[in-house]
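A short worksheet on the structure shown next.
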Amino acid sequence: RHLKGIIECPDEIYKNKDGKTGDICVTKTFSHGHYICILEKTTPGYEVVTFFRIDSKYTNGYELLWKRRTATPHRNG
């Protein structure tokens, strides 16, 4: 029920950790929880690997690529 909303209008986009299945992670917060969807690059687009509810600390250690609040690429340092 939330998968479409996460993919079409994510709050954050992260690079997935090396060695994990999937290339990027998209997250979104709804009134009842925070969710993540792992996507893998395919031809011609992306395929959903998995989707589940997470806590607010789950993405610690992931490289942030984009955040809706700023709507610009994330810059480290």
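Source: prediction; values computed, not measured.
- A 4.5 Å side-chain heavy-atom check between Phe52 and Ile36 finds at least one atom pair inside the cut-off.
- Under the 4.0 Å criterion applied to side-chain N and carboxylate O atoms, Lys15 and Asp18 are assigned as salt-bridge partners.
- Using a 4.0 Å cut-off between a side-chain N of Lys or Arg and a carboxylate O of Asp or Glu, Asp11 and Lys28 qualify as a salt bridge.
- The backbone N or O of Gly45 sits less than 3.5 Å from a side-chain atom of Thr42, completing a donor-acceptor pair.
- A cation-pi arrangement is present between Lys17 and Tyr62 under the rule of less than 6.0 angstrom and at most 45 degrees off the ring axis.
- The CG atom of Leu64 lies 5.0 Å from the OH atom of Tyr14; values are rounded to the nearest 0.5 Å.
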Using side chain to side chain contact (heavy atoms under 4.5 Å, CB included), reason through Asp23 and Leu39 one step at a time and then give a plain yes or no. CA-CA 6 Å; Asp23 300 300; Leu39 302 171; over 6 Å; no
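- For the pair Asn16 (side chain) and Gly22 (backbone), a donor-acceptor distance under 3.5 Å is present.
- Partner Cys37 forms a side-chain contact (heavy atoms from CB on, under 4.5 Å) with one of Val49, Thr50, Leu3 and no other, that one being Leu3.
- Ile13 places none of its side-chain heavy atoms less than 4.5 Å from the side chain of Cys25.
- The 12-atom threshold is exceeded at CD of Glu40, counting heavy atoms of other residues, nucleotides or ligands nearer than 6.0 Å.
- Contact annotation: the side chain of Phe30 approaches that of Ile6 to within less than 4.5 Å [non-hydrogen atoms, C-beta and beyond].
- For Glu12 and Thr27, the side-chain atoms include at least one donor-acceptor pair closer than 3.5 Å.
- In this structure, the separation between CD1 on Ile38 and OG1 on Thr21 is 9.5 Å, given to the nearest 0.5 Å.
- Below 30°, between 30° and 60°, or above 60°: for Tyr35 and His32 the angle between ring planes is above 60°, a perpendicular geometry.
- Looking at Arg68, its side chain does come within 3.5 Å of a backbone N or O of Pro10 through a donor-acceptor pair.
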